[in-house]
Asks: 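Quick one: structure below, then a few questions.
All of these numbers come straight from a predicted model, not from anything done at the bench. To find a chain, count down the sequence lines: A is the first, B the second, and so on, and within it residues start at 1.
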Amino acid sequence: MESQGWCAHFLKRVAGLSRGKKVRTPPSHLIAPCRKLFFPLPYPYLYMHEMPKAYEPQQFEDDTYARWEQSGAFIPENLSDFETREPYTIVVPPPNATGTLHIGHATMLAIEDSLIRYQRMNGKRALWVPGTDHAALATQNKVEKDIFKAEGVTRHDLGRDELLRRIDAFVESKRDRIKFQFRKMGASLDWSREAFTLDAPRSLAVRTVFKKMYDDGLIYRGNRVINWCSRCASTLSDDEVESKTRTATLYFFKYDRAFPITIASTQPETKLGDTAVAVHPSDERYAAFVNKNFTVAFGGVGGAALTLRVIADHAVEKEFGTGALGVTPAHSMVDYQMSLQHDLPLAHIIGEDGRMTEAAGHEYAGLTTNEAREKVVAWLRAERLIEKEEEIEQNVPICSRCDTEIIPLPKLQWFVAVNKKFKFQQSSRHAVVGIAAGAEVTLKETMRHVVATDQISIIPERFGKTYFHWIENLRDWCISRQIWYGHRIPVWYCASCPDPIVSTDEVVVCPTCSGAVAQDPDVLDTWFSSGTWTFSTLGWPNDNGDLATYHPTDVLETGYDILACWVSRMILLTTYALGEVPFRTVYLHGLVRDADGRKMSKSIGNVIDPLDVAPKYGTDAVRLALLLGQTPGNDSRMSEEKIAGFRNFTNKLWNISRYIFSQVVGSGTYQRLITESDLTNAELTTLDKWILSRFAAVARAFSEAIEKFEFSRAGEVLRDFTWNEFADWYLEGAKVEGGKHDVLHYVLQNLLKLWHPYMPFVTEVIWQSAYARGADDFLMVASWPDYGAMALYPEAEREFERAQRVITAVRAMRSDFGVPASAVVPVTVVSPKYAPVLAEQKLVIERLGRCTLLFADAAPDGQLASVIEEGVVAIPRIEAAGSPDAAIRLATERDEVAHYIEAVRAKLSNDEFVGRAPAAVVERERAKLDEAVERLGIIDARLGRGG
RNA sequence: GGACGCUUAGCUCAGUUGGUUAGAGCGCCUCGUUUACACCGAGGAGGUCGUAGGUUCGAACCCUACAGCGUCUACCA
């Protein structure tokens with residue numbers, strides 16, 4: 001870094017910049033905090049000859065990211081010829097603005113950044129939109145908790161305005177953190193288009209969708225039984241409800257002595273609100289009572305006088321309890337559904353504070369449900385109405401935020417009607433196929449349609465089932481929340497006019513009577529706003545051009561755990577609002593667990609924080625560890641050992657480069673970019689043709705795997721090539737043959753390009769150290785290797801593989817028989833067929849096998865021999881203590897071959913196999929047999945000669 | 001209760017529409033001449049693909065049942 005030549009080097013690069021292309025100004029609506037600086041930062045990279053032995057990621061990463069960002073290339077309009085490029089869009093799933101980066105985010109970023117970088121290098125107008133989520137309920141809870149801890153006051157003490165001020169301040173103080181962490185991961189996001197689910201453009205989108213849905217009759221206000229959390233004092237959507245198991249006492253009893261049917265309940269206090277008793281339609285025990293009404297005096301003095309109708313309903317399980325169920329429509333989701341079917345009245349006996357209401361009777365009003373239960377049970381005991389008590393396990397719904405037990409209760413709420421017909425409005429640009437403009441459809445039908453017809457494909461496919469299952473069970477979506485942080489419902493009520501006023505703009509006075517209005521106090525479910533994410537981030541409803549260019553987005557990449565609650569909501573709202581799908585492909589990654597397969601959690605202390613390990617092993621290593629060894633939709637395990645393994649790999653790539661650069665005379669100058677035409681056939685050896693052919697094949701395999709979202713396989717293919725073929729064979733062979741300047745640089749230059757989407761930092765640093773033309777010549781915007789145009793040399797591949805087999809055989813024998821590594825052994829090869837091919841590669845074989853090579857018609861008697869496809873490879877015995885018998889290795893080989901021959905012969909002598917299997921398969925087996933028989937012959941001849 | 005997934009080498013996992021002598025990484029064992037790399041190189045051991053049936057000329061792969069594990073989901077009061 002401190003070298004003499006640094007300054008001149010830097011100036012040269014600055015000069016390079018001035019020749020660079022002009023940076024386009026981003027669209028005017030975009031704020032551009034990352035505008036390109038006129039002067040680049042001091043050039044941070046190294047001369048080739050200054051590269052340290054080991055790659056030191058922390059020395060380069062922050063600076064590299066800053067330079068990318070300042071180059072403007074994250075903004076697609078700054079890419080060369082951007083107008084003619086095909087758009088490619090991903091919108092990042094917005095993390096909680098107040099949260100911190102965890103391993104799941106790191107997975108998301110690694111995958112999405114790889115896709116974006118790959119597409120950008122492939123000439124796409126690649127846009128990756130960043131953003132954060134306000135996470136209404138979670139954020140408010142967190143702030144409320146903090147305030148209570150510090151000041152002992154609740155939100156009601158503070159009031160709405162003050163609480164919101166505090167929350168905004170909290171969010172403001174935290175929101176830069178997650179963005180900083182995204183940058184740490186190398187994410188090439190267009191920060192000029194950053195969005196927040198609660199900022200002004202998104203708010204407008206939310207209000208606009210709300211009004212449109214209201215006008216279409218898809219949003220309505222209704223008194224319905226909803227999930228109520230008395231601690232949060234709010235409604236919860238079905239998705240925000242979890243369940244836990246607990247043991248409870250199941251009481252078997254009658255409402256009163258005169259009532260003919262015994263029911264069973266774990267919550268006898270709710271029976272104060274019963275309006276029916278339900279039995280199964282085929283239950284003969286109770287058939288006589290069905291449709292009869294009974295009046296019972298339940299709960300003693302101050303209890304309720306109940307009028308109960310006996311109804312028949314399939315939801316009742318004959319085998320459970322007594323087969324008869326007391327129906328409490330106001331405080332049970334199931335019972336509520338039944339009440340709708342049978343037109344039963346609701347008795348609202350539990351209030352929002354979790355205490356019994358007056359409707360439960362004056363003796364009970366004000367008691368908690370537990371107190372009421374004790375009182376009811378005491379009364380039942382006194383009246384001797386209890387027939388039996390049983391301890392059972394049951395699932396109770398709890399609030400996913402605070403674990404408080406959910407109380408279902410009726411409440412006036414806003415809903416989205418998912419089963420109501422509306423006139424479908426088509427997009428003029430990317431119409432949904434199969435639904436005519438103006439067709440009468442429901443939201444549910446639309447949601448099902450676009451996935452069923454593959455206009456949205458889900459990877460892995462099996463999650464389509466989860467999606468359809470979720471749709472089947474979807475009920476009208478309760479979208480109002482009784483909290484203060486979030487998108488306030490855009491509805492105003494006039495004291496003297498009956499109809500609510502729905503408006504995207506602030507309403508000050510009633511448009512009908514000019515009277516005073518009050519806005520609905522509730523806010524929207526956070527998923528309602530995140531459901532608009534793909535199009536609200538692209539400017540809808542203000543048309544700024546982005547929507548036309550970048551929507552529908554290409555890929556939505558997220559964890560499978562939010563398929564139902566988020567992905568499906570985006571599909572719902574986008575198809576409705578735009579008449580377009582929000583994305584073409586949904587890619588679902590699995591959960592990252594710890595080394596023992598446990599979920600990572602702070603309380604267990606098994607969390608691997610990507611920001612802890614990234615400085616230690618390098619961001620590239622973390623990304624590789626997340627991309628390889630992981631398959632879509634399946635959970636994977638993460639450990640520091642795994643990351644360390646990939647750190648080793650980044651270092652390998654570093655050292656491969658270091659070696660190649662060391663081969664250059666006059667290091668410190670730029671390396672020319674080598675093209676196909678530089679590699680003239682005449683100068684290429686078999687070894688060269690082999691690596692070029694392999695590279696072309698690997699570049700294709702890697703690219704095709706990425707296109708198919710097979711990130712792990714792609715990475716493995718490339719890693720194996722880089723390490724096993726390029727480093728271990730080609731580089732070693734090149735040292736022998738010498739004069740490989742062009743091939744070495746050609747493969748390295750293209751290899752760096754292939755690796756760049758996965759490990760952007762180390763590849764860019766290497767590129768900058770040797771190949772960059774100027775300070776703004778980034779590997780990041782280099783074009784993808786044109787593998788289709790690369791020459792293949794299948795013959796050379798086979799020929800070099802023969803040399804490899806000979807070398808491996810020599811090495812194995814040396815190792816088996818304890819030949820000292822320092823000894824150069826004379827090797828005899830008997831291979832009439834392949835001697836010329838092997839002779840051509842004599843130098844490489846001799847050096848890599850540490851031997852001298854002699855071709856003969858027969859190997860000398862008594863030598864150690866190995867028989868390979870090419871023939872016999874033999875080395876002399878050495879006079880060393882404990883040197884095993886020469887025949888042992890051959891005998892082992894003979895056993896294997898003989899066994900194999902037996903198996904193939906059996907197969908080929910089976911007439912049914914020969915008759916029914918495809919000719920090509922049979923032919924392949926025959927060829928295998930011939931080859932094996934030939935080898936066996938050679939081995940036997942050799943063994944017959946005693947050695 | 002329903003659905004889905006998983007079960008392949010000591011560990012973590014691949015296995016591309018049924019045809020390989022079943023692979024990789026880590027770990028393990030042996031040996032290290034060679035200044036790109038010990039965050040390395042060479043060689044090696046290690047698996048009757050959960051169990052039992054079935055389909056097929058042929059099954060890790062398809063079907064059935066069972067066992068274990070996991071996830072999501074649900075209205076057993």
Side-chain angles (χ1 to χ4, degrees), chain A residues 51 53-55 243 250 263-267 270 278 315-317 319-322 324-328 332-338 392 394-395 460 462-463 465-466 469-470 473 560-561 563-564 590-591 595 597 617 621 628-631 633-639 641-642 644-663 705 708 710 712-713 716 719-720 727-728 731-732 735 807-808 811-816 818-824 847-848 850 896-897 899-900 903-904 907 910-918 920-922 924-925 928 932:
Chain A
M51 292 171 76
K53 271 176 81 160
Y55 172 58
S243 73
L250 182 64
I263 61 160
S265 174
T266 57
Q267 294 171 285
T270 63
V316 180
E317 194 71 47
E319 315 305 326
F320 188 87
T322 62
L325 159 68
V327 181
T328 322
S332 154
M333 287 295 177
V334 201
D335 296 6
Y336 178 64
Q337 294 301 320
M338 276 190 224
I392 60 158
Q394 69 173 169
N395 286 334
R462 65 184 148 88
F463 280 99
K465 283 181 190 167
T466 310
H469 180 253
W470 183 81
N473 294 307
Y560 64 78
D561 50 328
L563 171 66
L591 256 55
Y617 300 104
L628 277 74
Q630 155 269 116
T631 42
N634 290 329
D635 294 354
S636 59
R637 302 185 187 202
M638 186 48 59
S639 62
E641 292 74 39
K642 200 182 219 172
F646 288 105
R647 183 269 321 265
N648 296 353
F649 178 73
T650 58
N651 189 236
K652 188 75 187 181
L653 186 62
W654 179 260
N655 272 291
I656 287 170
S657 311
R658 222 158 65 87
Y659 170 74
I660 292 175
F661 298 160
S662 77
Q663 295 308 100
K708 287 191 278 183
E710 293 174 355
S712 183
R713 211 173 65 89
E716 284 165 30
R719 179 197 53 197
D720 292 349
D728 290 345
L731 253 50
E732 294 309 314
K735 286 177 187 172
I807 294 164
T808 303
R811 285 169 169 173
M813 280 190 289
R814 296 179 62 115
S815 181
D816 270 14
V819 178
S822 55
V824 175
R847 194 80 79 77
L848 301 193
R850 200 154 177 75
E896 283 169 6
V897 176
H899 192 76
Y900 180 62
V904 180
K907 202 186 260 186
N910 180 345
D911 290 341
E912 303 221 64
F913 171 72
V914 178
R916 300 196 189 214
V921 174
V922 178
R924 214 180 311 150
E925 293 297 317
K928 284 194 224 163

Asks: Look at A:Arg713 together with A:Glu716 and state whether they make a salt bridge at an N to O cut-off of under 4.0 Å.
Replies: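 No, this pair does not count.
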Asks: Quantified in whole Å, what is the P atom distance between nucleotide B:C72 and nucleotide B:C49?
Replies: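 About 32 Å, rounded to a whole number of Å.
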Asks: Does the side chain of A:Lys53 get closer than 4.0 angstrom to OP1 or OP2 of B:C39 through an N or O atom?
Replies: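 For A:Lys53, the contact criterion (side-chain N or O under 4.0 Å from OP1 or OP2 of B:C39) is not met.
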Asks: How many whole angstroms separate atom CZ of A:Phe463 from atom C1' of B:U71?
Replies: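 The answer, rounded to whole Å, is 9 Å.
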Asks: Quote, to the nearest angstrom, the C1' distance that separates B:G47 from B:C57.
Replies: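 Their C1' atoms lie roughly 26 Å apart.
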Asks: Would you check if the side chain of A:Arg719 reaches a backbone N or O of A:Phe646 as a donor-acceptor pair within less than 3.5 Å?
Replies: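 No, because the side chain of A:Arg719 does not come within donor-acceptor range (under 3.5 Å) of the backbone of A:Phe646.
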Asks: Distance check, C1' atoms only: B:G70 and B:A38, in whole angstrom units.
Replies: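 Per the computed distance, 40 Å lies between those C1' atoms.
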Asks: Let me know the distance between CG of A:Asp911 and C1' of B:C57, rounded to the nearest Å.
Replies: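 After rounding, the reported distance stands at 10 Å.
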Asks: Start at the 5' end of RNA chain B and walk down; is the nucleotide closest to A:Tyr560 or to A:Asn648 reached first?
Replies: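 The residue whose closest nucleotide sits nearer the 5' end is A:Asn648.
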Asks: Considering only atom P, compute the distance from B:A67 to B:A52 and round it to an integer number of Å.
Replies: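 It comes out at 15 Å once rounded to the nearest Å.
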Asks: Can you tell me how far C1' of B:A77 sits from CE of A:Met333, to the nearest Å?
Replies: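 Taking atom C1' of B:A77 as the reference, CE of A:Met333 is at 15 Å.
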Asks: Looking across every strand, which nucleic acid part, if any, lies under 4.0 Å from A:Glu317 by heavy atom: base, sugar-phosphate, or nothing?
Replies: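 The answer is base, as A:Glu317 lies within the cut-off (heavy atoms under 4.0 Å) of a base atom.
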Asks: Heavy atoms only, 4.0 Å cut-off, all strands: where does A:Ser332 land among base, sugar-phosphate and nothing?
Replies: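 Here A:Ser332 touches no strand at all.
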Asks: Is a side-chain N or O of A:Thr631 found less than 3.5 angstrom from the main chain of A:Asn634, in a donor-acceptor match?
Replies: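 Judged by distance alone, no pair lies under 3.5 Å.
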Asks: For nucleotides 6-20 of chain B, just jot down a letter per nucleotide in 5' to 3' order: B, S or -, based on protein non-hydrogen atoms under 4.0 Å.
Replies: ------SSS-B--BS
Asks: Would you kindly check whether a donor in the side chain of A:Glu732 faces an acceptor in the base of B:A36, or vice versa, at under 3.5 angstrom?
Replies: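 Counting by modelled atom types and ignoring angles, a donor-acceptor contact under 3.5 Å is found here.
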Asks: Quick check on B:C40: is either OP1 or OP2 less than 4.0 Å from any side-chain nitrogen or oxygen of A:Asn651?
Replies: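 Answer is no, no contact under 4.0 Å.
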Asks: Hey, does A:Leu628 have a side-chain heavy atom less than 4.5 Å from the side chain of A:Phe649?
Replies: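 They are not in contact (no side-chain heavy atoms under 4.5 Å apart), so the answer is no.
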Asks: State whether the side chain of A:Thr650 and the backbone N or O of A:Arg647 hold a donor-acceptor pair below 3.5 Å, judged by distance alone.
Replies: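 At least one qualifying donor-acceptor pair exists.
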Asks: Suppose you measure atom P in B:C66 against the same atom in B:A74; what distance do you get, rounded to whole Å?
Replies: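 Each nucleotide's P atom is 26 Å from the other's.
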Asks: Within the modelled atom types, does a donor on one side and an acceptor on the other bring the side chain of A:Arg647 and the base of B:C39 under 3.5 Å apart?
Replies: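 Counting by modelled atom types and ignoring angles, a donor-acceptor contact under 3.5 Å is found here.
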Asks: In whole angstroms, how far is the C1' atom of B:U34 from the CZ atom of A:Arg811?
Replies: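 In whole Å, B:U34 C1' and A:Arg811 CZ are 11 Å from each other.
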Asks: Calculate the interatomic distance between A:Leu250 atom CG and B:C76 atom C1'; express it in whole Å.
Replies: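 That distance rounds to 10 Å.
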Asks: P atom, B:U33 versus B:G50: distance in rounded Å?
Replies: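 Straight-line distance between the two P atoms is 44 Å.
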Asks: Look at all strands and tell whether A:Asp561 reaches a base, only sugar-phosphate, or nothing, counting heavy atoms closer than 4.0 Å.
Replies: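 The residue A:Asp561 makes no contact with any strand.
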Asks: Under a 4.5 Å cut-off applied to non-hydrogen side-chain atoms, are A:Val921 and A:Lys907 in contact?
Replies: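 They are not in contact (no side-chain heavy atoms under 4.5 Å apart), so the answer is no.
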Asks: Roughly how far apart are A:Thr466 OG1 and A:Asp561 CG, rounded to 0.5 Å?
Replies: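 Going from OG1 on A:Thr466 over to CG on A:Asp561, the span is 12.0 Å.
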Asks: How do A:Ala821 and A:Thr650 order along RNA chain B: which one's closest nucleotide is nearer the 5' end?
Replies: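 It is A:Ala821 whose nearest nucleotide is closer to the 5' end.
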Asks: When the distance from CE of A:Met813 to C1' of B:G43 is rounded to whole Å, what number comes out?
Replies: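 Atom CE in A:Met813 sits about 13 Å away from atom C1' in B:G43.
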Asks: For atom P, what is the distance between B:U56 and B:U48, given to the nearest Å?
Replies: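 Approximately 28 Å lies between the P atom of B:U56 and that of B:U48.
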Asks: Looking at B:C75, B:C76, B:G44, which one has an atom nearest to any side-chain atom of A:Ala812?
Replies: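 Looking only at side-chain atoms, A:Ala812 lies closest to B:G44.
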Asks: If I pick the P atom on B:C63 and the same atom on B:U55, what distance separates them, to the nearest angstrom?
Replies: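 My reading of the P atoms in B:U55 and B:C63 gives 15 Å.
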Asks: Counting N and O atoms only, with roles assigned by atom type, does the side chain of A:Asn655 sit under 3.5 Å from a partner on the main chain of A:Ala54, one being a donor and the other an acceptor?
Replies: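 No; zero donor-acceptor contacts below 3.5 Å.
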Asks: Compare all side-chain heavy atoms of A:Val819 with those of A:Arg850 and state whether any distance is below 4.5 angstrom.
Replies: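 Side chain of A:Val819 against side chain of A:Arg850, heavy atoms only: no contact under 4.5 Å found.
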Asks: Among the nucleotides B:A77, B:A36, B:G43, which one has an atom lying closest to any side-chain atom of A:Lys652?
Replies: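 Out of B:A77, B:A36, B:G43, the nucleotide with an atom closest to A:Lys652's side chain is B:A36.
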Asks: Rounded to the Å, how far apart are A:Asn910 CG and B:G58 P?
Replies: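 Going from A:Asn910 (CG) to B:G58 (P), I get 7 Å.
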Asks: Dot-bracket for RNA chain B, please. Rules: Watson-Crick or G-U, both distances under 3.5 Å, ( ) within the strand, [ ] when a pair crosses earlier ones, | for another strand, . otherwise.
Replies: (((((((..((((.....[...)))).(((((.......))))).....(((((..]....))))))))))))....
Asks: Kindly compute the distance separating CG (A:Leu653) from CZ (A:Arg658), expressed to the nearest 0.5 Å.
Replies: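 The distance works out to 12.5 Å.
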Asks: Can you tell me how far C1' of B:C28 sits from CD of A:Glu641, to the nearest Å?
Replies: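 Distance, rounded to whole Å: 16 Å.
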Asks: Taking any heavy-atom pair under 4.0 Å as a contact, classify A:Arg719: base, sugar-phosphate, or nothing.
Replies: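 Contact class for A:Arg719: sugar-phosphate only.
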Asks: Report yes or no: do A:Asn651 and A:Tyr617 form a side-chain donor-acceptor pair below 3.5 Å?
Replies: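 The answer is no; no qualifying pair exists.
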Asks: For the pair A:Glu732 and A:Lys735, find out whether any cationic side-chain nitrogen is under 4.0 Å from an anionic carboxylate oxygen.
Replies: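 Yes.
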Asks: NA contact type, A:Ala727, heavy-atom cut-off 4.0 Å: base, sugar-phosphate, or nothing?
Replies: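 Base, at least one base atom sits under 4.0 Å.
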